[in-house]
Amino acid sequence: MSSDSAPLHSSAVIDEAVQTLRNGGLVAIPTETVYGLAADARNPEAIKKIFAAKGRPSNHPLIVHLAAPDKFDQTQIDWVALLAPWARDVSEDALKLINQFWPGPLTLVFKKDKSVLNELTGGQDTVAIRAPAHPIAKELLRKFKGAVAAPSANRFGKVSPTSAADVREEFEGMLDLMVLDGGDCKVGIESTIVDFSSGEGAVLLRPGAITPGEILSKTGVKVYLPGENKTSNEEKVLPKVSGSLKAHYAPTTPLRLYASGRVLDALSEFPDTKSRVAVAVWDSESSLSHDGHPSARFEEVEVSSDSTVFASRLYRCLRDLDQQGWDLILFPEPPAGEEWDGVRDRLQRACFGSGPSSNNHESN
Ligand code: AMP
Ligand code: MG
């Protein structure tokens, strides 16, 4: 289902989730990007439970999720007032992005209000905030009358969950977790993150469904790539971000990318004649020829040549392939073009972290 359809939960279930959050518990929630593991953003003990459940290092900050008020006319929402308890120095440009894209898959980073917990920001003086668009997340947040901290609901470094079943599987036997089922996530990859905290323009920290080109055309605001804005202080250390680890979003089966028409080169890394290899191929292309490689047993999986559709199915596809016992998964390198940047970023990190060892999560 899509996140536009009616919520799958009765209001009694949402009320129970609200109560769990108020009691300092964790609730897994659907959002339009991926499923989140939510806790009361003002409760330090609750936040610690997120880090413990995920196995996430405590200096990796979490995104605050705010309720989008239920207004027919979205331009009437007073975001300045809603952000005041969390963020300082919210610029006119930041408000243009907010008015255009919230609620939606865009996270903004600001200087934090002093009341914001260090547990939440990983000790940094900045805070990351977004208002999710999924109807269940919106209803929960409105009833909760607060904000939740919510990273993706998966163990650290692993593939993010895009269905309620994925979340349950991720924490099976470890955690008795309340999971709100909102169907499959529409966007399928994590939010775009734009940093306004330097006060010197907007900088892209993580690519996602909303691209700098779309932001420029809809708001007139230029979003720089890290290091591109020469007027900003080049010595500035970028905030620590899980999404910036070289290895992340990774399956346990080795995953590699192949350049267009170069499947055999990628396979030569795996000369074992008994290897079973899953090869993702563009739906727009004819089937691969398997001639010339005596070893591996192939199976082809079609992936969409539309970047939005590709993103919405990427993690589903990686999770499913990971469970099928392949020796190797091959994906085609995404084409050039910023609409593919979010997908390319996730695939590259997934490759780097893939394989049976989970100890290769080194930082870049
Ligand atoms: P996720 O990995 O989806 O849980 O999102 C967390 C990401 O949000 C981090 O890896 C950062 O990219 C970003 N983020 C969260 N909090 C902050 C913060 N205080 N300062 C800068 N970036 C942040
Ligand atoms: Mg994550």
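Numbers here are sequence positions counted from 1. We count ligands from 1, going down the list as the structure has it; atoms in each ligand are counted the same way. No hydrogens, no waters, no symmetry mates; every other heavy atom, side chains included, goes into these values.
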Please examine the side chains of S191 and R206, heavy atoms only from C-beta on, and report whether any two atoms are closer than 4.5 Å.
-> yes
Does W282 have its ring centroid less than 6.0 Å away from the ring centroid of F310?
-> yes
Check each atom of ligand 1 against the heavy atoms of P151 and keep those under 4.0 Å away; list them by number with element.
-> 4 (O)
Would you say T107 touches ligand 1, if touching means a heavy atom closer than 4.0 Å?
-> no
Is the distance between the Mg ion (ligand 2) and the nearest N/O/S atom of S152 smaller than 2.8 Å?
-> yes
For V109, the ligand 1 atoms whose distance to one of its heavy atoms is below 4.0 Å | 20 (N), 21 (C), 22 (N)
Value rounded to 0.5 Å, distance of CZ in R346 from CD1 in I189 | 4.5 Å
Just checking, any donor-acceptor pair under 3.5 angstrom between side chains of Q323 and E169?
-> yes
Check whether any heavy atom of R56 sits under 4.0 Å from an atom of ligand 1.
-> yes
Among E190, K112, R206, closest by any non-hydrogen atom to atom 2 (O) of ligand 1 | R206
Measure from NZ or CZ of R56 to the centre of the six-membered ring of F156, then state whether that distance is under 6.0 Å and the direction lies within 45° of the axis.
-> no
